[in-house]
Amino acid sequence: MKKSMILSAAFVAAAASIGVALADDMSGMNMSNGAMMNHSASSKHNALTDATVKGVDATSGMVTLKHGALTNVGMPAMTMAFKAKDAAMLSSVKEGDNVKVRVENVNGTMTIVKMTK
Ligand SMILES: [Cu+2]
């Protein structure tokens, strides 16, 4: 009984010190992010890029876009097909539409995660 209480007390102490270490890391991370995150950087995080719809393939769930530079995925302006995150995106646009898109690399696939007209 006494031994197990000592062990559990040791465990709690160890867990507490790990918790403190993690909290220190987190606050350090937040501080450095906060220092770097000026207004333009934070708006860039969700920045939309102008694009023109060149084709919609509902069967494959792909939208071909002539897009401007996608800085968040390191892609220059070009025309290419993207996977649409939602099927609803496919029915909301047609060839020739001018749209604004947010493309992200989702598990290695360039995916349109947001598209507005
Ligand atoms: Cu591209």
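Counting starts at 1 for both ligands and their atoms, following the listed order.
For the pair Glu104 and Thr111, the minimum side-chain heavy-atom distance is 4.5 Å or more. The closest side-chain heavy-atom distance from Val101 to Leu48 is not below 4.5 Å.
Asp97 meets the side chain to side chain donor-acceptor pair (under 3.5 Å) test with Lys94, Lys117; sequence neighbours excluded.
Lys114 contributes atom NZ, which lies 9.5 Å from atom CE of Met89 (distance to the nearest 0.5 angstrom). Atom CG in Leu70 sits 7.5 Å away from atom CE in Met78 (nearest 0.5 Å).
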Intermediate values then yes/no, side-chain contact (heavy atoms from CB on, under 4.5 Å), Thr79 and Leu65: CA-CA 5 Å; Thr79 299; Leu65 296 175; over 6 Å; no
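Within the sub-2.8 Å shell of the Cu ion (ligand 1), the protein contributes these N/O/S atoms: His67 NE2, Met75 SD, Met78 SD, Met80 SD.
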